[in-house]
Protein chains: 2
Amino acid sequence: MTATEHSEKPLRADAERNRQRVLAAAREVFARRGLEAGLDEIARHAGVGTGTVYRRFPDKISLVTALFEERLDQVVATVEQAVAHPDPWEGLCSALESLIAMQIEDRGLKDVIFGAVGDHESFRERRAELLPLVQQGVCRAVEAGVLRPDFALTDFAPLQVMLTQVAAFTEAADPQVWRRYLRIVLDGLCTRRDAPSPLGHPALDLLQLEQACGRPLPPC
Amino acid sequence: MTATEHSEKPLRADAERNRQRVLAAAREVFARRGLEAGLDEIARHAGVGTGTVYRRFPDKISLVTALFEERLDQVVATVEQAVAHPDPWEGLCSALESLIAMQIEDRGLKDVIFGAVGDHESFRERRAELLPLVQQGVCRAVEAGVLRPDFALTDFAPLQVMLTQVAAFTEAADPQVWRRYLRIVLDGLCTRRDAPSPLGHPALDLLQLEQACGRPLPPC
DNA sequence: TCTTAAGCGGAAGGACTCTCTCCGGATGGA
DNA sequence: TCCATCCGGAGAGAGTCCTTCCGCTTAAGA
């Protein structure tokens, strides 16, 4: 059941404990700061030396893959579930929403999904798994006449980028206001409507806006 | 008429020539790479030494302000003109579109508008000039019943962020496809509609999408 | 033409950042 | 008890970028 079960020799008890600490710290730090976080910060956060990190994970990418392979399974599962919603429109909305929410809660995940790791093979494969799922959701919604028919499968990722980036921009001012922009986008995606659907979340006030403008934009 | 007209002594002819070269190079390099571009790169691009850059502009921020104060005047003028459009909806659309287009063509401008320069006083002031203009456009459009009434003045900047960021994401794959997402957003902003309005620009194909995912997200 | 203040290029300094290695000392476990 | 294993964290190495400095060159006025 331990992470090293399959490996040749079990680690010494203290080593295995530290390994788990490093993984937990990395999960937290990468989530908060994205993959640009340094291993020093992770080591400090885990309460171990940097050497200890490098003894378990030969380099940074090993740590990242160890963490995010499993995480991507969760992403695929979540989208699978969202798309299975009986209502095609709700299914698509919820797939988009949960993808964005997951990437906002975990900036490292965003970096992994949108290729900030260079082109690591395993991540590329996992990303490819998402496509058919989304395609299914898109087709179903177009056929049901609820999603605008000129919507393309390849529009899904750019929409995610739009919303995760705006979320990063407004995060400090109001961590939930991105949902407002999601609603606007969804109103733009539906086939027709007689009135705007409720935005659900209030707009920023001027002070919050200035706060948001004051910080640099999130890296693309 | 020269840029140093007001200063105490006119520069030597070669010095003035180099000054102009530096400004031109900075304009180009900042436009292409944003303010993160180094002064070394600008000097090289201008065909001068880094010392020459520093002789005219005591530090990086001086060069940036020298360039962008004038540029921001153009931005204000463009928005002023867009908002003055006889049709309130067209005016708002065109204000948003031209703001985005300007920031895409000039990444440095985006950095200046969205505060990547820290909080340099003069930029903050100029940014503030834009608000009443946008407010006028928004009010007019809401009163005319074309813009959804729950739209707020402070939504304007986040929408810009969304679209400039998605543009940066898809730039390498197709430099114009952001217009497609602008259309979707605008369809989300209007009060009512019977059918999707034409997106105008074709979606990416799968190859282009992969190309876009392959590069890191643009900085926020 | 001569003189000289002004200007020039670009190497180098300094202050960071981040990844990764190394080694003397500590310790789990048989 | 004993030693293979593991530890911390200093620091090497490679990179970035801003800025300074200095010996050489040149424009321009007398």
Side-chain angles (χ1 to χ4, degrees), chain A residues 2-4 7-26 29-30 32-67 107-108 111 116-118 120 216 219, chain B residues 2-4 7-26 29-30 32-67 107-108 111 116-118 120 216 219:
Chain A
T2 71
T4 52
S7 105
E8 290 141 28
K9 282 183 186 176
L11 291 176
R12 223 168 71 176
D14 54 343
E16 178 62 30
R17 197 163 51 235
N18 278 335
R19 192 187 130 90
Q20 294 304 329
R21 273 189 199 158
V22 168
L23 281 171
V29 172
F30 283 148
R32 183 159 23 91
R33 307 224 303 115
L35 297 187
E36 71 173 17
L39 293 196
D40 280 26
E41 185 175 347
I42 289 168
R44 209 178 323 123
H45 198 266
V48 304
T50 53
T52 302
V53 177
Y54 278 95
R55 203 164 306 106
R56 285 315 141 228
F57 305 96
D59 50 24
K60 187 177 184 176
I61 192 105
S62 307
L63 176 55
V64 170
T65 49
L67 268 178
R107 270 177 118 100
D111 292 346
V117 211
H120 207 46
Chain B
T2 72
T4 53
S7 106
E8 290 142 29
K9 281 184 187 177
L11 291 176
R12 221 168 73 175
D14 54 342
E16 178 61 31
R17 198 163 50 234
N18 277 335
R19 186 180 192 277
Q20 295 303 331
R21 273 189 198 159
V22 168
L23 282 170
V29 172
F30 283 147
R32 184 160 22 91
R33 305 225 303 116
L35 296 186
E36 71 174 16
L39 293 196
D40 281 25
E41 186 176 346
I42 288 169
R44 209 179 320 122
H45 198 267
V48 305
T50 52
T52 302
V53 177
Y54 278 93
R55 205 163 306 106
R56 287 314 142 227
F57 305 95
D59 50 24
K60 188 177 183 176
I61 192 105
S62 308
L63 176 56
V64 170
T65 48
L67 268 179
R107 270 175 117 102
D111 292 346
V117 212
H120 208 45

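Just so we're on the same page: letters track the sequence lines, and every chain starts at 1. From a predicted model like this one, the values you see are computed outputs, not experimental measurements. In what follows, every heavy atom counts, from backbone to side chain, and hydrogens, waters and symmetry copies are set aside.
Within the 4.5 Å cutoff, no side-chain heavy atoms of B:Glu16 are placed close to those of B:Arg56. Proximity of A:Leu11 to A:Arg17: side-chain heavy atoms (C-beta onward) are nowhere separated by under 4.5 Å. Between A:Asp111 and A:Phe30, every side-chain heavy-atom pair lies at or beyond the 4.5 Å cut-off. Side-chain contact between A:Val48 and A:Asn18 is present, with heavy atoms from C-beta onward closer than 4.5 Å. Here the side chains of A:Phe57 and A:Thr65 are not in contact, with every heavy-atom distance at 4.5 Å or above. In this structure, A:Thr50 and A:Ile42 have side chains that are not in contact, with every pair of non-hydrogen atoms separated by 4.5 Å or more.
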Pull out every protein N or O sitting under 3.5 Å from an N or O of nucleotides 8-18 of chain D, one pair per line with the distance.
{"from": "D:dG8", "atom 1": "OP2", "to": "A:Gly49", "atom 2": "N", "distance (Å)": "3.0"}
{"from": "D:dG8", "atom 1": "OP2", "to": "A:Thr52", "atom 2": "OG1", "distance (Å)": "2.1"}
{"from": "D:dG8", "atom 1": "O6", "to": "A:Arg55", "atom 2": "NH2", "distance (Å)": "3.2"}
{"from": "D:dG9", "atom 1": "N7", "to": "A:Thr50", "atom 2": "N", "distance (Å)": "3.4"}
{"from": "D:dG9", "atom 1": "N7", "to": "A:Thr50", "atom 2": "OG1", "distance (Å)": "3.4"}
{"from": "D:dG9", "atom 1": "N7", "to": "A:Gly51", "atom 2": "N", "distance (Å)": "3.3"}
{"from": "D:dG9", "atom 1": "O6", "to": "A:Gly51", "atom 2": "N", "distance (Å)": "3.2"}
{"from": "D:dA10", "atom 1": "N6", "to": "A:Thr50", "atom 2": "OG1", "distance (Å)": "3.1"}
{"from": "D:dC18", "atom 1": "OP1", "to": "B:Lys60", "atom 2": "NZ", "distance (Å)": "2.5"}
{"from": "D:dC18", "atom 1": "OP2", "to": "B:Leu39", "atom 2": "N", "distance (Å)": "3.0"}

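In this structure, CZ of A:Arg56 is placed 7 Å from C1' of D:dC6, rounded to the nearest angstrom. As rounded to whole Å, 12 Å separates atom P of D:dT26 from atom CZ of B:Arg17. For the pair B:Lys9 NZ and D:dA28 P, the computed distance is 14 Å after rounding to whole Å.
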Problem set entry | side-chain contact (heavy atoms from CB on, under 4.5 Å) between B:Arg32 and B:Glu41, intermediate numbers included | CA-CA 12 Å; B:Arg32 184 160 22 91; B:Glu41 186 176 346; 4.1 Å; yes

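For DNA chain C, the contact window with chain A, defined by any atom under 4.0 Å from a protein heavy atom, covers C:dT19 to C:dG29 in 5' to 3' order.
Ion pairing between B:Arg107 and B:Glu36 fails under the 4.0 Å rule for side-chain N and carboxylate O.
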